*Asks:* 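There's a structure below that I have some questions on.
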Amino acid sequence: MNLSFENIIRLLQSQGSEKIALFEKAAKVKHLSVGDKVYFRGLIEFSNICIKDCHYCGIRQSNYNVQRYNLSDMEILNVARFAYENRYSSIVLQSGEIQSKSFSSRITSLLDKITLATSNNLRITLSCGEQDEATYREWFEHGATRYLLRIETSDRGLYQKLHPTDPLHTFDKRLQCLEALKFIGYQNGTGVMIGIPFQSVDQLANDLLWMKDMDIDMVGMGPYIEHKETPLYQYSGDLFPLKDRFELTLKMIAILRLMMPDINIVAATALQAIDKMGREKAIKVGANIVMPNITPGKYRDSYKLYENKPCIDENPEDCQSCLEWRIGLTGSKIAWSEWGDSIHYQQKKHGHVVENGLMDGEEIVTQGAFSVDASAQLEGKHSIMNPSGGKLSSMPGMVMPGDPKPEDTKSLPATKTTNDTKPATDNSMPGMDMQATPKPGKNKPLTTNTSDLSAKHSAFGVSGKCEMCKARIEEAAQSVKGVSSAVWDVKTKKINVEYNDKLTNPVAIQKAIAMVGHDTEKFRADTKTYNALPDCCKYRKL
């Protein structure tokens with residue numbers, strides 16, 4: 001859904017029935033685009049050592065009152081195994097920011113160890129701050145699939161007010177890192193703080209437009225909660241009340257769900273620091289990701305970015321049981337043992353984009369998950385989620401193109417018209433520009449032409465026994481985007497692969513092969529998948 005700057009402002013300022021209508025429409029779009037599943041990301045805050053001195057952060061380098069810690073590799077592996085054994089399927093490794101060869105090498109080693117310990121069945125998100133492109137690429141090649149780097153604010157002037165003025169804290173560097181992560185192929189995540197000192201509603205509206213323009217895949221944004229050991233604490237008396245920051249965050253989530261229907265949006269833990277049901281309320285209006293804190297309990301209070309951090313005294317088992325109950329209250333269900341990759345990312349990666357619904361009889365499946373566009377379903381076009389076609393009912397106060405004008409709905413006074421925006425009309429919700437977007441002539445999958453890109457070659461060992469193995473291995477390799485040729489030799493147990501190194505790499509190809517049951521030089525297929533192979537394909541010695 002395309003929303004103008006003026007319309008976003010009006011939605012951020014909405015109250016009463018207009019606010020309720022916004023939340024209801026966002027809930028419907030979420031249901032149609034990403035479903036009602038909630039995906040867990042087990043959060044491991046493995047170190048609070050940081051070289052940065054951000055003015056808002058409780059673990060900033062200059063805060064000498066915080067007790068510093070650094071989990072051992074074994075502690076991190078034990079927590080990762082807990083997540084795997086409890087069907088989380090995804091973890092987040094988060095730390096203070098360090099930029100050194102020893103730090104980057106340690107993360108690389110941890111990625112390899114976690115992949116091995118969990119049979120490559122655990123998606124890994126990293127949130128380790130700004131690094132150079134070579135480091136990001138190395139981590140990606142060793143198993144990190146998602147990266148969360150919050151922009152904090154897309155306003156350059158405000159960004160500078162939140163950080164020291166030195167080469168270590170620059171807006172341009174943050175943008176460069178986000179662009180590098182996107183180029184490498186991560187599921188790219190970012191986010192902003194809501195209600196920080198000096199921030200205006202106009203800046204929040206621009207934050208949402210910036211995230212759409214950046215074409216991000218996942219977002220983690222939450223209310224700013226001050227920390228008494230930071231320079232910004234002196235402005236506490238000038239801030240919105242906490243309850244207003246909370247409401248504003250819910251509106252930001254709801255609006256972003258309308259603007260980017262198929263991305264992943266986190267229900268931030270900071271919401272629960274303000275409202276005991278904060279994360280659940282975020283799920284109701286558009287969020288679909290929760291990050292249970294599975295850091296060993298004795299360290300949690302030391303990773304305190306803000307005051308009143310919740311769940312610092314719970315063990316992981318208690319936290320899991322609590323969240324299971326809480327999410328049930330929202331009418332959603334936990335997607336146990338599912339990675340929950342961003343549908344937005346999958347559509348970009350595999351070249352399938354449904355911009356205006358499906359033609360009659362058409363169905364698109366991406367990696368076993370139906371990929372649909374929520375606005376198209378609401379327009380009544382044939383789809384898997386609306387197989388009979390026909391107009392879906394409107395929400396109170398929200399009118400889609402073609403809806404009859406509600407008799408009991410009154411519009412706010414028209415906004416000032418500019419060259420590129422239109423005032424709200426009588427048959428649309430105040431703040432919602434529901435004019436239909438131009439439609440392409442045909443709905444065709446978008447694909448990437450790679451014929452003019454130079455190919456790379458790689459050869460590595462793959463375990464197998466027969467021609468059936470050969471077909472399975474080659475098919476798995478060729479399923480990876482960017483692979484142009486894959487030939488496995490039954491006798492030598494080697495596969496020769498031609499691929500575009502801008503789209504993939506040997507590590508990703510080996511992962512894909514291991515996923516179908518065949519050990520490679522870097523990855524071992526999980527036991528369940530291997531045992532499901534036909535007897536003639538069983539290559540492991542008893």
Side-chain angles (χ1 to χ4, degrees), residues 1-4 7-38 194 204-205 208 219 221 243-244 246-268 271 275 277-290 326-333 372-381 383 385-386 390-412 424-436:
M1 184 179 294
N2 293 318
L3 295 175
S4 69
N7 287 332
I8 294 172
I9 292 291
R10 295 180 72 180
L11 288 175
L12 288 172
Q13 294 174 337
S14 64
Q15 298 295 331
S17 61
E18 296 164 3
K19 180 182 72 174
I20 293 171
L22 164 64
F23 290 164
E24 289 178 338
K25 179 60 69 174
K28 176 173 279 190
V29 170
K30 173 194 168 185
H31 170 74
L32 291 171
S33 55
V34 297
D36 294 319
K37 291 182 178 180
V38 174
I194 299 162
L204 288 173
L208 292 170
V219 170
M221 56 184 174
K243 65 179 183 62
D244 291 345
F246 178 86
E247 285 292 317
L248 200 51
T249 301
L250 294 185
K251 292 176 188 176
M252 289 281 286
I253 290 171
I255 297 167
L256 187 60
R257 179 57 71 192
L258 297 180
M259 295 172 67
M260 304 187 74
D262 55 2
I263 66 171
N264 283 340
I265 302 178
V266 176
L271 289 165
D275 185 307
M277 298 298 291
R279 285 188 285 189
E280 292 71 40
K281 292 179 179 179
I283 291 169
K284 292 284 284 185
V285 303
N288 66 324
I289 302 292
V290 170
R326 285 170 171 269
I327 289 170
L329 295 177
T330 70
S332 301
K333 57 184 178 182
V372 297
D373 180 80
S375 62
Q377 316 317 317
L378 291 169
E379 288 177 11
K381 298 192 176 184
S383 72
M385 301 183 82
N386 187 15
K391 191 72 175 172
L392 297 178
S393 61
S394 301
M395 303 298 292
M398 290 289 208
V399 182
M400 298 301 293
D403 278 352
K405 180 179 177 180
E407 295 180 359
D408 58 348
T409 301
K410 296 181 180 180
S411 62
L412 290 177
T425 58
D426 287 344
N427 70 338
S428 64
M429 174 187 172
M432 283 292 197
D433 183 359
M434 301 304 242
Q435 301 299 317

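Here the structure is a predicted model, which is why all the values come from computation and not from measurement.
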*Asks:* If I compare all heavy atoms of Ile283 with all of Lys30, which pair ends up nearest, and what's the gap?
*Replies:*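 Scanning both residues completely, I find the closest heavy atoms to be O-NZ, 2.9 Å.
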*Asks:* Is it the case that more than 12 heavy atoms not belonging to Lys284 sit under 6.0 Å from its NZ atom?
*Replies:*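 Not more than 12 within 6.0 Å, no.
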*Asks:* Between Lys251 and Gln13 (side chain of the first, backbone of the second, donor and acceptor by atom type, cut-off under 3.5 Å), is there such a pair?
*Replies:*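 No.
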*Asks:* Nearest 0.5 angstrom please: Met252 CE to Ile265 CD1, how far?
*Replies:*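 That separation rounds to 10.5 Å.
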*Asks:* For a quick test of reading the model, state the closest non-hydrogen atom pair linking Val285 to Leu250 and the distance between them.
*Replies:*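 Closest approach of Val285 to Leu250, heavy atoms only: CG2-O, 3.8 Å.
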*Asks:* Looking only at heavy atoms, what is the nearest atom pair of Pro261 and Val29, with distance?
*Replies:*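 The pair with the smallest heavy-atom distance is CB-CG1, 3.8 Å.
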*Asks:* To the nearest 0.5 Å, what is the distance between CD1 (Ile255) and CD1 (Ile8)?
*Replies:*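 These two atoms lie 6.5 Å from each other.
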*Asks:* Calculate, to the nearest 0.5 Å, the distance between atoms CD1 and CD belonging to Ile20 and Gln15 respectively.
*Replies:*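 Reported value, rounded in 0.5 Å steps: 10.5 Å.
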*Asks:* What heavy-atom pair brings Val38 and Ser332 nearest, and what distance separates the two atoms?
*Replies:*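 That closest heavy-atom pairing would be CG2-CB, 3.7 Å.
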*Asks:* Please round to the nearest 0.5 Å and tell me the distance separating atom CG of Asp36 and atom CD1 of Ile327.
*Replies:*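 The CD1 atom of Ile327 is 12.5 Å from CG of Asp36, to the nearest 0.5 Å.
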*Asks:* Applying the side chain to side chain contact (heavy atoms under 4.5 Å, CB included) criterion to Arg257, which one of Val219, Leu22, Val34 satisfies it?
*Replies:*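 Answer to the side chain to side chain contact (heavy atoms under 4.5 Å, CB included) test with Arg257 among Val219, Leu22, Val34: Val34.
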*Asks:* Mind checking the CG-NZ spacing from Leu11 to Lys25? Nearest 0.5 Å is all I need.
*Replies:*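 If I round to the nearest 0.5 Å, the distance is 12.5 Å.
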*Asks:* Out of curiosity, Leu32 CG to Asp262 CG, how far, rounded to the nearest 0.5 Å?
*Replies:*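 Leu32 CG to Asp262 CG: 12.5 Å, rounded to 0.5 Å.
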*Asks:* Quick check: closest heavy atoms across Phe246 and Asp275, and the distance to 0.1 Å?
*Replies:*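 Closest approach of Phe246 to Asp275, heavy atoms only: CE1-CB, 3.5 Å.
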